[in-house]
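Notes for the one structure printed next.
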Amino acid sequence: MSAPTVIRVATASPYDVVVGHGVLDRLRGLLPDGVQRVAIVCPESLEDLLDPFVDLLEGLDVVVLQVPDGEEAKNWEVAAACWESLGEDGFTRSDAVVTLGGGATTDLGGFVAATWLRGVAVVHIPTTLLAMVDAAVGGKTGINSPAGKNLIGSFHEPAGVLCDLALLETLPREELVAGLGEVIKCGFIADPRILELVEETEPEALTADSVVLRELVERSIAVKADVVAGDLKETGGVAGHPGREALNYGHTLAHAIEKATDYSIRHGEAVAIGCVFVAELAAREGGLPEGLVERHRATFGRVGLPVAWNGADFETLLATMRVDKKSRGNQLRFVVLDDLAKPVVLAGPSEENLRAAYDAIAGGAA
Ligand code: GLY
């Protein structure tokens, strides 16, 4: 077993992301000194995984806050039940929350930690590829409301993140593939070696125990760490770089597709389609170098992600994109590429080009 890799997220409150196989025993080292009580936020479906953590935390008071699976956990009633438990168990500022689960669990548990006593420490242990390379790193926390997804939340950086690839062994293949959507996105916006690794590797070989998957995870986390270190609160980058907004490459259309499908499509699948769409858009607006649009189709498609979609009409998607969190006033904004690993913001593209880019992805759909 090779040694864990430690990726430092160098924000004003720096923290480590530990990546490896069989690294759960690193949990204790990620908790701040002086912690006496730990609340583990965990969905019911993962409770079988809890025993080793309770053993690892021997000597501390450990409570388990059982939450619903997936997005069902991300609402104020579940958050309120967690606050209630922390109150009953006398959690103080020097105690900590540990989340064990996918992105919905890390979002909810991070939000509970951000708000209890105006902020207690949280360590994330993501159990999906998507959560390892995205949700658990960067400090975004939140819950949904009837007004929309992720509209209530705060930036609350973790004290540490533990990515144990062994946890991916039982992840359904479709979920692992969906996580590769965010990984490949990182390749296009910042680290082309990710694309080469995907192009050089048989997709079936990308399994939880694969050294290539580990390198893909580490590289994607490094991309995210770098971006959030420069622009934690998404206020903007420097020298024309979009800053944290770059992580939303492909996400404007992806969010519209998720809404149009009533969230039945996996996030990483929608991101793959959204990235092909913005590549088509950039080719029309600015002239993306030849071959890059096809490289989007080829890399996402290679791992089994969708690269074409026609499940809603263009007007419906356009209306949703106009109220996307990233829009300003009535002006649509997209992160596009000027070139490989050169993301820029495109504000106010022509409706003609938007429609043509959508036709290009809809035309290939079955
Ligand atoms: N998921 C995008 C971000 O963390 O900014």
Side-chain angles (χ1 to χ4, degrees), residues 7 9-15 17 70-71 74 99 101-111 113-114 122 124 126 128-144 148-158 161 163 175 178-191 194 217 219-238 241-259 263 265-275 278 321 324-327 333-336 343-345:
I7 300 164
V9 186
T11 53
S13 310
Y15 57 96
V17 183
E71 290 291 311
K74 285 179 60 176
T99 67
T105 307
T106 59
D107 280 1
L108 166 84
F111 179 66
V122 61
H124 295 305
T128 65
L129 179 57
L130 196 80
M132 287 182 186
V133 299
D134 191 24
V137 180
K140 278 190 180 174
T141 74
I143 56 174
N144 304 327
K149 273 175 70 98
N150 293 326
L151 294 183
I152 304 164
S154 76
F155 291 97
H156 183 63
E157 292 183 89
V161 181
C163 296
E175 295 295 339
L180 290 171
E182 291 283 1
V183 169
I184 295 171
K185 175 207 78 179
C186 289
F188 280 109
I189 62 168
D191 181 1
I194 288 177
V217 169
R219 284 181 174 275
S220 303
I221 293 171
V223 167
K224 183 145 191 188
D226 203 35
V227 171
V228 299
D231 180 27
L232 178 70
K233 297 206 170 166
E234 211 166 312
T235 49
V238 289
H241 190 281
R244 187 166 184 158
E245 201 178 353
L247 299 171
N248 291 314
Y249 188 58
H251 280 56
T252 308
L253 183 73
H255 289 151
I257 291 176
E258 287 177 284
K259 185 158 189 267
Y263 299 94
I265 190 166
R266 290 180 183 83
H267 177 67
E269 295 169 349
V271 167
I273 300 163
C275 289
V278 281
M321 290 195 287
D324 187 89
K325 284 203 288 299
K326 304 296 178 292
S327 297
R333 285 163 66 86
F334 292 89
V335 176
V336 295
V344 290
V345 169

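Whatever order the structure lists ligands and atoms in, that order sets their numbers, starting from 1. Being a predicted model, the structure only gives us computed values, none of them experimental.
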Evaluate the side chain to side chain donor-acceptor pair (under 3.5 Å) criterion for residues Thr99 and His124: first the C-alpha distance (whole Å), next the side-chain angles of each, then the deciding distance (0.1 Å), finally the verdict. CA-CA 5 Å; Thr99 67; His124 295 305; 2.7 Å; yes
Say whether, by atom type as modelled, one donor and one acceptor occur between the side chain of Thr11 and the main chain of Ala229 under 3.5 angstrom. no
Would you mind writing out the side-chain donor-acceptor pairs for residues 182-190 within the sub-3.5 Å range, not counting sequence neighbours?
{"from": "Glu182", "atom 1": "OE1", "to": "Lys185", "atom 2": "NZ", "distance (Å)": "2.8"}
{"from": "Glu182", "atom 1": "OE2", "to": "His251", "atom 2": "NE2", "distance (Å)": "3.0"}
{"from": "Glu182", "atom 1": "OE2", "to": "His267", "atom 2": "NE2", "distance (Å)": "3.0"}
{"from": "Lys185", "atom 1": "NZ", "to": "Leu247", "atom 2": "O", "distance (Å)": "2.8"}

Tell me whether Asp231 contacts the main-chain N or O of Arg244 through its side chain, where contact means a donor paired with an acceptor under 3.5 Å. yes
Contact table, ligand 1 N/O with protein N/O, distance under 3.5 Å:
{"from": "ligand 1", "atom 1": "1 (N)", "to": "Asp134", "atom 2": "OD1", "distance (Å)": "3.0"}
{"from": "ligand 1", "atom 1": "1 (N)", "to": "Asp134", "atom 2": "OD2", "distance (Å)": "3.1"}
{"from": "ligand 1", "atom 1": "4 (O)", "to": "Lys224", "atom 2": "NZ", "distance (Å)": "2.6"}
{"from": "ligand 1", "atom 1": "4 (O)", "to": "Arg244", "atom 2": "NH2", "distance (Å)": "2.8"}
{"from": "ligand 1", "atom 1": "5 (O)", "to": "Lys140", "atom 2": "NZ", "distance (Å)": "3.0"}
{"from": "ligand 1", "atom 1": "5 (O)", "to": "Arg244", "atom 2": "NE", "distance (Å)": "2.7"}
{"from": "ligand 1", "atom 1": "5 (O)", "to": "Arg244", "atom 2": "NH2", "distance (Å)": "3.4"}

Audit row: Asp134, Lys224, salt bridge (charged side-chain N to carboxylate O under 4.0 Å, His left out) steps and yes/no: CA-CA 7 Å; Asp134 191 24; Lys224 183 145 191 188; 2.6 Å; yes
Does Lys149 count as lying over the ring of Tyr263, i.e. NZ or CZ under 6.0 Å from the six-ring centre, within 45 degrees of the axis? yes
